[in-house]
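First up is the structure itself, then whatever we jot down about it.
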Amino acid sequence: MVIEQSHKPRYATKWYQILSTNRAVVGAIHGSNYLLPDDRPVCGDSAEWRFFFPGEFELSTVLKSKIRELNVFFETIYLKYWYAATDSVSAPRLDLELLQSIAGYEVVSKKISEVAMSTFKNHLWYLSAHCVAIAFFETKVPTETKVKMVANLQTQNKGEKREYRFVSKNPHELVSVDLSHFVSETSTEFFKILDLNSDFLEHDPSSWPTLQSFNEGQQVIMNLNVVNDCAERAVAIVKEFNNSITRTETDYQNILLVCLVYI
């Protein structure tokens with residue numbers, strides 16, 4: 001996955017260099033030998049930020065050490081999920097796995113784990129009762145988990161506030177749960193919202209890939225745009241145009257319409 005993504009043309013030159021470095025580090029972790037475009041192996045100081053911006057930063061020894069600590073977290077935990085962020089059908093599973101990986105990282109760095117957790121716990125959109133239903137269509141979710149997910153569709157959230165993103169006061173409590181923990185009767189609304197046939201839920205999960213209703217729904221899910229990716233690009237381009245070519249409210253509204261069509 002790392003290799004495939006690093007070759008995509010949408011990355012600028014600097015980012016391509018960063019991705020290439022990530023390939024080298026990931027390769028080292030997994031016992032492979034990936035090189036930078038100019039065939040220089042990445043090691044030591046060459047993996048630091050000043051490798052990409054030579055002469056632009058004068059880093060102290062303490063700051064270098066902090067950057068290395070942060071890079072270890074990026075390379076061993078965050079990178080995998082960053083690359084897969086646009087894969088809609090995997091979003092619920094990856095969100096939960098990242099949350100659990102961040103919690104487990106406290107054995108390496110309690111500070112980084114706490115900071116990352118305090119941020120990520122506010123972005124659990126795909127673990128909401130509605131969006132977690134996406135996981136029904138992912139083949140990498142274990143059959144036993146899907147069996148529990150189907151059973152939990154009969155569970156009512158009595159007295160609980162309806163949320164469109166999962167909110168947890170103590171996300172560390174989620175370390176040992178699976179995706180079925182987030183499924184409830186509310187999850188059935190997901191199929192109604194997207195007008196998806198849910199007949200496959202009446203069958204054993206192991207047989208779902210052979211059913212037409214499942215495959216048709218999976219195609220719809222796989223073509224969904226991941227919200228953060230599209231929203232962030234749209235906001236960025238609107239800001240850029242708004243600061244340069246808009247003069248009136250009409251211009252601004254026209255820009256919004258253009259972004260809506262092409263982003």
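Cluster membership for Met222 and Leu196, using ILVMFWY side-chain heavy atoms within less than 4.5 angstrom, is shared. Hydrophobic clustering (ILVMFWY, side-chain heavy atoms < 4.5 Å, transitive): Ile102 and Val107 are in one cluster.
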Please report the C-alpha distance between Leu224 and Leu194 in whole Å, then the side-chain angles of each, then the deciding distance to 0.1 Å, and finally whether the side-chain contact (heavy atoms from CB on, under 4.5 Å) criterion is met. CA-CA 11 Å; Leu224 289 178; Leu194 293 183; 4.3 Å; yes
What do the steps show when you test Phe120 against Tyr78 for side-chain contact (heavy atoms from CB on, under 4.5 Å), and what is the final call? CA-CA 11 Å; Phe120 186 63; Tyr78 188 73; over 6 Å; no
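Phe73 is linked by a ring pair (Phe, Tyr, Trp, His ring centres under 6.0 Å) to Tyr105, counting only residues two or more places apart in sequence or in another chain. Residues satisfying the salt bridge (Lys or Arg N to Asp or Glu O under 4.0 Å) criterion with Glu97, sequence neighbours excluded, are Lys80, Arg93.
By the 4.5 Å heavy-atom criterion applied to side chains, Trp208 and Leu201 are counted as neighbours. Leu127 is not listed as a side-chain neighbour of His181, based on a closest heavy-atom distance of 4.5 Å or more. Residues Asp95 and His123 have side chains not in contact (no heavy-atom distance under 4.5 Å, counting atoms from C-beta outward). Counting only heavy atoms from C-beta outward, the side chains of Val72 and Ile112 never approach each other to under 4.5 Å. The shortest distance between side-chain heavy atoms of Leu153 and Phe136 falls below 4.5 Å. Put simply, the side chain of Val132 does not reach to within 4.5 Å of the side chain of Phe190, judged on heavy atoms. The closest side-chain heavy-atom distance from Leu179 to Met149 is below 4.5 Å. Between Phe214 and His203, every side-chain heavy-atom pair lies at or beyond the 4.5 Å cut-off.
Rounded to the nearest 0.5 angstrom, Lys148 NZ and Ser180 OG are separated by 4.5 Å. Separating the OH atom in Tyr81 from the OG atom in Ser90 is a distance of 11.0 Å, to the nearest 0.5 Å. Once rounded to the nearest 0.5 Å, the distance linking CD1 of Ile221 with CG of Asp87 reads 11.5 Å. Atoms CG and CD, on Leu96 and Gln100 in that order, are 4.0 Å from each other to the nearest 0.5 Å.
Not one N or O on the side chain of Glu75 forms a donor-acceptor pair closer than 3.5 Å with the backbone of Leu70. Judged by distance alone, with hydrogens and angles left aside, the side-chain atoms of Thr119 form a donor-acceptor pair with the main-chain N or O of Val115 at under 3.5 Å.
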